[in-house]
Amino acid sequence: MYSYLWDTTLELFPKLAYAYGRTKHGHTSETEWEKTYRIATRRYFDAYFALVLPESEVSAQEITSFVAASDSQARMEEILGEWTKQEKLKNAIESVRYRLAEVPQANLRNVFAALLTAGETASEKGAIFAGQTPEYWNVRWAIFDVLDAIPTERRVSTMKEAFLASASLKTMLNVTALI
């Protein structure tokens, strides 16, 4: 019985294994835990004990709906706009970044273009050195994650197509300045 409880505890709280000298978890562990909504992540830990989703969070179902909408740039922009109004964009984008592998390759251009639009309305409030990352930075990081997911030979043409159709000048300039 004790062994089962201990193994279950380590499964739920894998960082305890490090405390007892069994294993060390690197930065990739947090990424894997985030993808599976594990209690071990900083982001989900409190939610498991509160038994309710904080107002600033998005549900797994909302992220799944966003990924499913990736065949429609307009639908994705609508969802991102709603998250912005509800002040959920920052956390939503963080979750979207972990689920990009689920987006079909053919739909990555739609995600890229929708994120360009979201970048225009994302808040720039925050002080990165004070641990308050602005929404806008999260959107930028997601844009670069999408670019990384696009095959190398298609990146430039995808950017060009999206830029020609987009009115998101501020975000486009920012993205190209960082490339």
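We count residues from 1, following the sequence as given. Bear in mind that the values here come from a model prediction, so they are computed numbers and not experimental data. Basis for what follows: all heavy atoms, side chains included, without hydrogens, waters or symmetry-related copies.
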Exercise. With the side chain counted from C-beta on, respond yes when F112 and L116 share a heavy-atom pair under 4.5 Å apart, and no when they do not.
Key: yes
Quiz prompt | Heavy atoms from other residues, nucleotides or ligands near CH2 of W141 exceed 12 (cutoff 6.0 Å) | solution = yes
Practice problem: Check whether any side-chain heavy atom of V58 sits under 4.5 Å from a side-chain heavy atom of F66, and report yes or no. | Solution: no
Quiz item: In Å and rounded to the nearest 0.5 Å, what is the NZ to OG distance from K90 to S123?
Solution: 9.0 Å
Quiz item: Between S168 and T117, is a side chain to side chain contact (heavy atoms under 4.5 Å, CB included) present by the stated rule, with each step listed?
Solution: CA-CA 6 Å; S168 305; T117 303; 3.9 Å; yes
Quiz item: How many angstroms lie between atom OG1 of T152 and atom CG of L147, to the nearest 0.5 angstrom?
Solution: 10.5 Å
Quiz item: If only atom types and distance count, is the side chain of E120 paired as donor or acceptor with the main-chain N or O of K170 below 3.5 Å?
Solution: yes
Quiz item: Can you tell if the side chain of E135 reaches within under 4.5 Å of the side chain of I93, non-hydrogen atoms only?
Solution: no
Quiz item: Which heavy atom in A69 sits nearest to a heavy atom in M76, and how many Å separate them?
Solution: O-CG, 3.3 Å
Self-check item: R97 bridged to E94 by N-O distance under 4.0 Å
Solution: no
Quiz prompt | Minimal non-hydrogen separation, A122 against L89, with atom names | solution = CB-CD2, 3.9 Å
Practice problem: Please report the closest heavy-atom contact between L80 and A114, naming both atoms and the distance. | Solution: CD1-O, 3.5 Å
Quiz prompt | Those residues that, when tested against R109, pass salt bridge (charged side-chain N to carboxylate O under 4.0 Å, His left out) (two or more places apart) | solution = E161
Quiz item: Does the side chain of T158 reach to within under 4.5 Å of the side chain of V146, using non-hydrogen atoms?
Solution: no
Practice problem: Any chance you could lay out the salt bridge (Lys or Arg N to Asp or Glu O under 4.0 Å) test for E82 and K85, step after step, and finish with the verdict? | Solution: CA-CA 5 Å; E82 282 301 311; K85 287 179 198 167; 3.5 Å; yes
Quiz prompt | R154: salt bridge (charged side-chain N to carboxylate O under 4.0 Å, His left out) partners, not counting sequence neighbours | solution = none
Self-check item: Beyond-backbone contact of E62 with S65, side-chain heavy atoms, under 4.5 angstrom
Solution: no
Quiz prompt | Residue E102 excluded, over 12 heavy atoms near CD under 6.0 Å | solution = yes
Quiz item: How long is the span from the CG atom in N138 to the CG atom in L115, to the nearest 0.5 Å?
Solution: 11.0 Å
Quiz item: In Å, rounded to the nearest 0.5 Å, how long is the span from OH of Y136 to CG of N174?
Solution: 3.5 Å
Quiz item: What distance separates T64 OG1 from R99 CZ, expressed to the nearest 0.5 Å?
Solution: 3.5 Å
Quiz item: Does the R140 side chain pair with the main chain of V175, one donor and one acceptor, at a distance under 3.5 Å?
Solution: no
Exercise. For residues N110 and S70, determine if any side-chain heavy atom of one lies less than 4.5 Å from a side-chain heavy atom of the other.
Key: no
Self-check item: Heavy-atom side-chain proximity of Y98 to I63 below 4.5 angstrom
Solution: no
Exercise. Identify the heavy atoms of M159 and T176 that sit nearest to each other, and give their distance.
Key: CE-CG2, 4.4 Å
Exercise. Could you tell me the separation between the CG atom of L108 and the CD atom of Q105, rounded to the nearest 0.5 Å?
Key: 5.0 Å
